[in-house]
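Worksheet for the structure shown next.
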Amino acid sequence: MQSPPIPREGALAKLVVENVSKRFTSQRAIVQALDGVSLTVAEGEFVCLIGPSGCGKSTLLDIMAGLTVADSGRVLADGRLVQGPGRQRLVMFQESALFPWLDAFGNVMFGLKLRDDLSQRERKEIAEHFLRLVGLEKFKHAHVHELSGGMKQRVALARALAPDPQVLLMDEPFASLDALTRDQLYDDIQHIWMESRKTIVFVTHNVREAVCLGDRVVLMSPSPGRIASIFDIALPRPRDINSPDLGDYTSRIAAALKNTLKEAVSE
Amino acid sequence: MQSPPIPREGALAKLVVENVSKRFTSQRAIVQALDGVSLTVAEGEFVCLIGPSGCGKSTLLDIMAGLTVADSGRVLADGRLVQGPGRQRLVMFQESALFPWLDAFGNVMFGLKLRDDLSQRERKEIAEHFLRLVGLEKFKHAHVHELSGGMKQRVALARALAPDPQVLLMDEPFASLDALTRDQLYDDIQHIWMESRKTIVFVTHNVREAVCLGDRVVLMSPSPGRIASIFDIALPRPRDINSPDLGDYTSRIAAALKNTLKEAVSE
Amino acid sequence: MKRVAVALAFFVALIGLWELAVRSGRWSAVLLPSPLYVAEYLWAALLDGTLLESAWVTLKRLLIGYVAGVLIGLPLGLLTSMSQTLEDTVGAMALGLQTLPSVCWVPLALVWFGQTESAMLFVVIMGTVWSVIIATDYGARSIPPIYARAARTMGSEGMHKWTRVILPASLPFLVTGMKQGWAFAWRSLMAAEIYVTILTGFGLGHLLHYGRELNAMDQVIGVMIVIVLIGLLADRLLFSPWERFLHSRWGTNVKAS
Amino acid sequence: MKRVAVALAFFVALIGLWELAVRSGRWSAVLLPSPLYVAEYLWAALLDGTLLESAWVTLKRLLIGYVAGVLIGLPLGLLTSMSQTLEDTVGAMALGLQTLPSVCWVPLALVWFGQTESAMLFVVIMGTVWSVIIATDYGARSIPPIYARAARTMGSEGMHKWTRVILPASLPFLVTGMKQGWAFAWRSLMAAEIYVTILTGFGLGHLLHYGRELNAMDQVIGVMIVIVLIGLLADRLLFSPWERFLHSRWGTNVKAS
Amino acid sequence: PRAMAQSTTVRVGHFPNITHVQALVARAFERQGRNWFSERLGPGVKVEWYTYNAGPSAMEAIFANSLDVTYVGPNPALNAYARSRGDEIRVVAGAVNGGSALIVQPNSGLAKPADFRGKRIATPQFGNTQDVAARAWLVAGGLRITQTGGDAQVLPTSNPDQLSLFQSKQLDAVWTVEPWVSRLESEAGGQILVEEKNAITTVLVSSAAFLSKNRDLTQRFVSAHRELTEWILQNPEEAQRLARDELQASFRVDMAPELVARAWTRMIITPEVTLDAFKSFMTSAQQVGFMRGAPDLSRLVESP
Ligand SMILES: Nc1ncnc2c1ncn2[C@@H]1O[C@H](COP(=O)(O)OP(=O)(O)OP(=O)(O)O)[C@@H](O)[C@H]1O
Ligand SMILES: Nc1ncnc2c1ncn2[C@@H]1O[C@H](COP(=O)(O)OP(=O)(O)OP(=O)(O)O)[C@@H](O)[C@H]1O
Ligand SMILES: [Mg+2]
Ligand SMILES: [Mg+2]
């Protein structure tokens, strides 16, 4: 799914989005979901995409994943043109995309079974390892609907991590969880990221969440979807979502977010 | 549904919960959902119930509503024994309990049609008034599934307010909404409450939400469900959920909440 | 528009192939009559009134029996949904009798009612009623309890609760059950008409049977086409409006159209 | 336990009432034979082998035809789900032919295949295949797109996608469609057996028809009871395991049992 | 109104078959404006004709009270009498005897029941006179026969199907009734193995309730039937023509004059009927397991 190398743009750029535009034509209207978006994500970086509903965050993520084809512009992963989905860039979705006909273990195995380079025993070991990592070794054979929302997203995380992708694309993975569970998962994801040093692009519309998790926070504005501004978050890790240290960044970004909304309305 | 008056306990007590216990026997286990809970809610007061999952918040609310019968203890509303659900104490539920076979207007009319003291024209006017109040006059004839989560809960609020109950019992009404919508609704509910001076009991497990909305925050602890402590929130209104003023109360209550969890686990 | 054209082209091509197959002479005209003959039969039967008469006889039986079946099944289903005991008894009986192809009732119906309309109605009712009972029962039991609780806090009780909450809330199940009841009723009526002569009127099934008796496959195929058309029409007229209502109200399964 | 007892008591009481009704003498023995006679018939037919023989003949036809129908319908349904054009053509044809009671195929089947097993199989297949096509098509189209997208990012494509994602994800619809196909096949086979003689073997439908020919309502009712039992058993053996799997995996509709 | 209708209308059933010759001739007369029966039944009495193609459904019609009198084979009548424990059916006159036979394929070598092991014998209808006769004949020859199988396969098949199946050699033998016996002989080269010259083929049956309520009327009906039979015996040529016309006009059945004439020679047209004949039918029906116990036949034949 990847073409031959193209001359590099940035030395350690894992993902390069170049001038990407995307327009949707539905029965009622034409929506310019993305309009000339460019973004570079470095290897091992944790980037958060934030913005009001409909500003094109999911669309951008899908284009990075290769699930959606951009109208113009291109996406490079490791300097190669992205032409379709690849195991190197796994997506973890907003709603639970776990397969109900498989149990927790079966779900984690799904991606692994598609890797021919592993023996069945290795696959099992890897799946068990990642279930343990997300703290669900006891729920190996639980059915999907028996898991709580938080547990489901943990399984989804294990499923996304197990095939050892270099890039993890996450689309509001914690949006439907309650606050307590969410707080727990902020810790988990930070630990996992710090250990595995994956490159992560994380979509959210919760400002505090973005500040807590990201090295950089990319703020997008709607209609047409564009990158409005980018914030570097220079805070030590791990960060606590309830810590007052986040307050400063949070209120700055929240204010900028409100601005994008106002502009969108006044336009 | 209400028995003759019983000598009052507190002059302006709208709702009195006296030593209420409730136990559920399911196939697998016996759960003491509530154990000797007493609580008095004054007229026009805004009380928030908070506590970890399974501590009996919903059960207590249902008993106040008259939907569930307590094993022992009693509930008085306006000094009368609560023996069943009554129009004076409407419940607004966590999940959307809107009727999908009716449109927004039809849902708001449902409770009004059960009031014989109104003419059809009055009912229509009232329903329109409340739809306007929650800002949905344009969506009068929208189908339920066409509304966003926040709009649905607005219709549910209008439906609960329209029959003019004296007490509003709300069971995590905003739990499934996204942050931006929620913030908007915090403002709305505070305005409505300040204007109409309903008595409100509001269940949540979001500490910040409880602090933002409540005159008092009642913290419950699980297994068995009991009232752990009560916090008076002495902040001016309207309160902004993002305001740093809430920080102090929030961290105190959050700490107390974590304590109840630890105790529950160590027990 | 383009999609309609494609579908039309497909069916025209199908008929063309059929005609070609007949012309090839590989099959005798008894085995496979030409589509032209079928059309000729249909035209003649339309002109001399047989087709309309028998379609009317069949439809009358079907509609009366079906409506009666629904009117009996609906309250019974609501009743069984209210009590565990009724569910274990009447419900179990309904479950058993639903698996019985209702053409099996024909011999009993004939000795009970004679070769009359009543016998046909009985068979149609037996085809409808159990499906409706089961669907209503299941529907009423599957309603999210939160609807009933919300209604109760607003003061809805008794008849009001049944007609304004339970019944509309179980509509999605009801429509499924009523569709199934219709399918079974339609099948059993056809089977019954093909199987026995009814003194009070000849339906489409009889016409088909006579086609067989006369070895007139053009008549058989012609009547089959009419039966398909009536089936599709009934679906369109009876159930599509409800399904569209359901889908637009519940927001489910909106198929791209 | 108590519930089983209640149900048992109900059915025993029902039979008791029936016997009483017969004893009252209001109905002649031809209209309503005593349950004892029915039991006697069943016992005798069990002993002389008629019942088992004909049940076996019927079941063989049903199972072979049904399996063939599913094997034809499943891939066709997946195919139509993949293309709008196929949906508009093959799908529309399936929709039309599904409304045709498949007993209507009997006359054609007889001239095409003679009074043989093949004719019966054809009728059963016509009862099954359209329902399976429609259900598979609908099921494959109703899959939440997020499943397919998740599978794609993990590298699932082609056959793997069809067999490991699309098919299992549409299982809930498939089972419904296969149940409906079974119900239609069962109904059409009974109707066909009652309607025509097949040289290669007598099934339950023939036995029922013979009961009618002898004016032996005890035989008719006895065979009906056997048909109900087989229907319930088939449901239990063929579909309940799937449904239980579905309900436990998907967590839907878990009925209090 | 119902009682009125009962007393002024006689609902009569018959098959569109040459062995129901009295009904065919009477209906042919009616088409010519001669109301043979109603003229003899008294003023205000109407006759309505209903056509059946099988004895059991005619009997069903009597049970369900949609028929008063019918021409029918003796076995369905006997069977219906036994099933209703003698309460519903009365045989009031004879009509036609003989005319049925067992036809085998030419040069088949089939001669006695034992030769039929594993063979297929078609009969016109399950449980009808020829069907019971065939089964009883086989059982008497030592074969085991059940409703759906046994040592030989008795295959109830409609008469037109029999002919084509016999022609294509899918049937080894057919036990049937005129005119099919003649057609099988002439069109398929079949050979007659067993011929039942005196067996009853058609009788006139009345509903017991109708008989007891309208004894006089039934009596007049029966004597009209006897008179008609007499007329047929005296005018065979004209009767044959009338029967053919009626089959042609009402049922679109085309029968060659030779065929009818040939069938005529095998039929004995008679209004007489005796209980003894039914007793042997009962024995046969019991032998083949169609009848349980030994019903009391004393009320079966009742000539009013
Ligand atoms: N398949 C599609 N067809 C038509 N329009 C689409 C499609 N997908 C997205 N859109 C439109 O494109 C715009 C951007 O959508 P997108 O899902 O990327 O927004 P988002 O930022 O992820 O929003 P949210 O926060 O609600 O998830 C929206 O206006 C949406 O309506
Ligand atoms: N109908 C019931 N049958 C059996 N157990 C029940 C029932 N309703 C509640 N429970 C149990 O009672 C306890 C309290 O439940 P309740 O719903 O009141 O908790 P809660 O505080 O509202 O929890 P959450 O925050 O998850 O809504 C839980 O352990 C629950 O499992
Ligand atoms: Mg999105
Ligand atoms: Mg709760």
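Residue numbers start from 1 in every chain, and the chains themselves are labelled A, B, ... in the order their sequence lines are given, proteins ahead of strands. Since we're looking at a predicted model, the values are computed, not measured.
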Counting heavy-atom pairs closer than 4.5 Å to chain C, which one of D/Gly91, D/Pro107, D/Ala92 comes out on top? D/Pro107
Between D/Gly231, D/Ala9, D/Cys104, which shows the greatest number of heavy-atom pairs under 4.5 Å with chain C? D/Cys104
Is [X] close to chain C through its backbone or its side chain, or both, or neither, when contacts mean heavy atoms under 4.5 Å?
X	answer
D/Leu110	side chain
D/Val111	both
D/Val106	neither
D/Leu204	neither

Quick one: pull up [atom1] in [X] and [atom2] in [Y] and give me the separation to the nearest 0.5 Å.
X	Y	atom1	atom2	result
D/Met217	C/Trp112	CE	CH2	9.5 Å
D/Ile225	C/Leu100	CD1	CG	10.0 Å
C/Arg187	D/Met190	CZ	CE	15.5 Å

Contact origin within [X] toward chain D - heavy atom pairs under 4.5 Å:
X	answer
C/Leu8	neither
C/Ile230	neither
C/Val223	neither
C/Val228	both
C/Leu229	neither

Any heavy-atom pair between the side chains of C/Gln98 and D/Asp235 that's under 4.5 Å? no
Choice from C/Ile227, C/Val103, C/Ile194, C/Val90 maximising heavy atom contacts with chain D below 4.5 Å: C/Ile194
Nearest heavy-atom approach of C/Phe11 to D/Met93 is CZ-N, 3.9 Å
Which atom pair, heavy atoms only, marks the closest approach of D/Trp186 to C/Thr99? NE1-O, 3.0 Å
Should we count [atom1] of [X] as having more than 12 external heavy atoms under 6.0 Å?
X	atom1	answer
C/Tyr37	OH	no
C/Trp18	CH2	yes
D/Phe10	CZ	yes

Trace of the side-chain contact (heavy atoms from CB on, under 4.5 Å) decision for C/Met224 with D/Leu108: CA-CA 10 Å; C/Met224 281 169 77; D/Leu108 283 178; 3.7 Å; yes
